[in-house]
Amino acid sequence: MNAVDQQDGARTGAPAGAEMLVMEDIVAGYVPGVDILQGVSLTVRQGELVSIIGPNGAGKSTLLKVLMGLLRPRRGSIRFQGRELVGLKPSAIVALGLSYVPQVRNVFPNLTVRENLEIAAAVAGPGAPQRIQRILDIFPDLRDKLRSKAGTLSGGQRQMLAMGRALILEPKLLVLDEPSAGLAPQMVNAVFQKIAEINEQGCTILMIEQNARRALEMSHRGYVLDMGRNAVDDTGRALLENPRVVELYLGKIAQQQDA
Amino acid sequence: MLQYVANGIVVGAIIAVAAIGLTLVYSILRLTNFAHGDFVTLGAYTALFINLGLGWRPAAALPVAFVVGAALAILLELLVWRKMRQMRASMVALIVASIGVALALRNLLVFFYGPSPQNFQQPVQRATPFLGLPVTMTADQQFALVASVVLVLAVHALLRYTTLGKTMRALSDNTDLAWVSGIDVDRVVTWTWIIGGGLAAVGGVLYGMTRPLYPELGWHLLLPLFAAIILGGIGHPYGAIAGGFLIGIVQEVSVYFGVPVEYKIAVGFVAMIVALLLFPRGLFGEASYR
Amino acid sequence: MSSYLMYIINVVTTAAVYAVFVLGLNLQFGYTGIVNFGHVAFMAIGAYTTVLLSLAGWPLIAAIAAGVLLAALASLLIGLPALRLREDYLAITTIGFAEVIRIIINNEVELTRGPQGIFRFPLPFESWGLSPLGWRVAFMILCLLTLAAVYLLLQRLTNSPWGRVLKAIREDEDAAIALGKNTRVFKLWSLALGSAIAGLSGVLLAYLLAYINPREFLPLTTFTGWMIMVLGGAGSNVGVMVGSLLYFGLFSLTRPLESSGLVALGLTGQQVGALRVILIGIFLVVLMMYRPQGLFGRKEELSLDR
Amino acid sequence: MTGEALLDVRAVSRQFEGFWAVRGVSFTVPQHQIAGLIGPNGAGKTTLFNVVTRYLPPSGGEIYFAGTRLDTLPTYSAPGLGLVRTFQISRVFSRMTVLENMLFAAPGQVGEGLLGALLAPRRVARQEKELRERAMDLLRYFRLDHMAQNYAGALSGGQRKLLEMARALMLNPRMLLLDEPMAGVNPALKEQLLDYILDLRSKGITFLLIEHDIDMIMRICDRILVMAQGELIADGTPDQVRRDPRVIDAYLGASQ
């Protein structure tokens, strides 16, 4: 069985790694005068799998855009292994060892699967063929599709390619934005299993997930955002049992159902 | 008739070479560059400068023209476009600025060479049968055709087989994703300008081999260029190539059907309007994924 | 002395004619957001129609009315299919349209006398027996009155509920549709009215030069119009008029000094002309980079920010 | 509370290049009802809104409003029938004043015709005066009257939402379609917005709203429609919906 089913095992006890990523008091927005993020802080330690959950519009995707340098925060700092990231070009941030898989538009649709992998491999450095082989070992489904345009892939294959494109850089920290969004249920299982495997092989992961239950079950720790602020953070298990979390999503629905 | 088609293929090939740069710049920078035609003129005049000054044949000026066009494109990228991109300038502001560049460039040539048409200085050429077909071409026309086809194939190879080319295509798909994939977008944009500006200038040299040079040469070519890239689906290099040949042939063949020579540009324009109305995304536009 | 006076009259008259031209453009772009890069075509249609009809014996007023009307109708011809296009396609299409019109004028020699142009056609005030200077003054007054009339008309319209709809379309056409406005009709009217005004400016230009030929209607004229508009700040009718005066004041008034100085440096008149257009070009670029809202526009009213 | 069906959506679908964003959705909204449309991200709510208001042509199905078939009419005609929408990201006309935004929205203005604007200045002025009074009343109601002469671009996110609603009311709508009226609005203003919606309903306006703030929607809606993956998966009172296990699964993800 996969890691998700382990009760209170390694998953819930956070690895005691060093602090890898520290985001402090991030304020950001797109339109002048409107702050989507109103002071968010979070920490990710070496080896952890950390989830950020929260209702739609809580600012989760914006937070990742700020992290990756696509949106400059109005306030706050982001340190990755001691280096300040704010102000760096996205390509420089990637070069430091972060790799990001956006929720949508996460592959280059007019390039073939192989080309998608090749351009990422070229960024990563020499040895492209070996790197691509390694990714194909992780996602064997992509092997048959190498010559197809990425735009023709199914949702699940596309997600695999997007993760493969990110992993080919051999990142220290993998950042995922809703990896299960829009996928059929069996695909969701496959994707989450891959994520758990990748984490077990030593890659630190920070992800946003709408499927809060599944995400928290497999995470070491989780953060809940609401209205652009930190609402709760705790271990994955504890958050799952926290009535406040359910309330944030569904008002009082689920509680009454439990009652 | 066949002769007109042949002429059209020569013009079309040259249009294709110049149009590739226009469409690449558009797809990667979202810039509708009205100064592109003047890069074509610049290339032609660079060859004229070398031809008159050093006595070289125009064909020998091709690499120099490429370098001049590329250098100017880089200069403008650094001085103007990068800053406007960072400011997230509107499409209309970008168009107006590119018209400013076009006016300045064109009149720089007027300043040095005057407005009247000029020709390369070389022995008069006789049109000879081409490849045993029942059509005739001058040596320069033949050279222009062959060179254009070679360049088009070279661009194809670049886009298809090199990392740079693949990265450029990636950029036209999604700039943000390119950034977070670790690609230094600014660097690739600079390369796009080198190729786009260089090819436009080279196209100008080839174009100048087939007709007299005058400062509006490239401006008058711009409409057929736009027609070509719109026909091909704006932003698609292969569409631009196909559109270029199509426009070239339609323009020349229209003469055969009795349309006065002066209306060639109008024919290209009408073809473009028809294309826009019938295929708002271009003839080859449907192959794109989002 | 009188040559200097003549010069000033010339500048004021030219500025007024161009101000009329650009007011039409401003209605289209500044108020409605329609990107028209073929404005000169409607100027040309107005000029040629009026001149040719008055040569054919039409009374001046009727000929002018026909020129203005035909310019408006021609704009619908291109507007009906093209107005739904995105800004860049619209820019290319309108430029193309203007070039086609110019090529037609250049080549339909039997109708338009082609590149030779047309001299000697009926002018206003001819029967008054004025001295050349007197005619200049009278014509300047006519141009200023026309400008004033067009300005007042546009002020009235742009401050009316009709103008409010145009501004809303400029801001966000989808939102305007969501509030129940048939925006397409408003855009067509704006285009037609602006083009009619361009046609009128073409008539005035023909009289000002007492000579028309296709070279007066190169795309450069449209770009000059755009430059005057962004100089004054798109969306401001007063800005357009100030912009026009400033442009012709600056570039024309300095012409004698500039050319005598530069010609002394060994430049030909052609080179000085080229130099002027180079400066216009650089100015446009710098303006777009640093002040896209125009010299007199306010930042909150940024005109080219969408 | 329920009257005859004002909005009648029949088997509406919308496809994007092979992907069904909305598939076979049918529902009616009776007069004077406040109906809420909820569902996780990507469920197709906004697409459905866009199809109902004719911003997107449907790939299949029919839409009736007050007995008139809507999906064959041009987009701009729905507001004239009394069906007005707002947008997820408020779309105010930034470079027009708040008051101009309001006046613009009024239907049937004499001065919107070229001839009227030129030739009937007095009638236009009279109408403008009436409209201005109505607009100021509405602005006062939404406590925006002190901003009337400011550019709409200077409003905060919450104020824009209010202006958009006030502007829609200038059309005397029978039904308002609100796309996330609470998004980005601070808690105090949210309460206010709720009161406005309830108050307007009591004045006879029917509502359909997309909202993510479930607490809010449960509090004011008579009826809730739930979408997931392009389909309507539940339709009932808030109580019924909150007990529906499919809804909980759609939101929190199915448990293993």
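So that the names make sense, note that chain A is the first sequence line, chain B the second, and so on, each numbered from 1.
Contact count against chain A (heavy-atom pairs under 4.5 Å) is highest for B/Asp176 among B/Leu164, B/Val185, B/Asp176, B/Leu171. No other option in A/Asn106, A/Ile93, A/Leu169 has as many heavy-atom pairs under 4.5 Å with chain B as A/Asn106.
At most 12 heavy atoms of other shown residues, nucleotides or ligands fall within 6.0 angstrom of atom CZ in A/Arg83. Within a 6.0 Å sphere centred on CZ of B/Arg82, other residues, nucleotides and ligands contribute more than 12 heavy atoms.
Here A/Glu115 contributes atom CD and B/Arg160 contributes atom CZ; the two are 5.5 Å apart, rounded to the nearest 0.5 Å. Taking CG of A/Leu111 as the start and CG of B/Leu159 as the end, the distance is 10.0 Å to the nearest 0.5 Å. Atom OG1 of B/Thr167 and atom CD1 of A/Ile119 lie 5.5 Å apart (nearest 0.5 Å). Rounding to the nearest 0.5 angstrom, the gap separating the CG atom in B/Leu177 from the CG atom in A/Asn116 is 8.0 Å. To the nearest 0.5 Å, atoms CG (A/Leu117) and NZ (B/Lys166) are separated by 10.5 Å.
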Step-by-step side-chain contact (heavy atoms from CB on, under 4.5 Å) determination, B/Ser181 to A/Tyr100: CA-CA 7 Å; B/Ser181 303; A/Tyr100 169 56; over 6 Å; no
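For B/Asn174 (side chain) and A/Arg105 (main-chain N/O), a donor-acceptor pair under 3.5 Å exists by modelled atom type. Here the side chain of B/Asp184 pairs no donor or acceptor atom with the backbone of A/Ser91 at under 3.5 angstrom.
Contact check on B/Asp186 versus A/Lys89 returns a salt bridge, with a Lys/Arg side-chain nitrogen under 4.0 Å from an Asp/Glu carboxylate oxygen.
Heavy-atom distances place the backbone of A/Val107, and not its side chain, under 4.5 Å from chain B.
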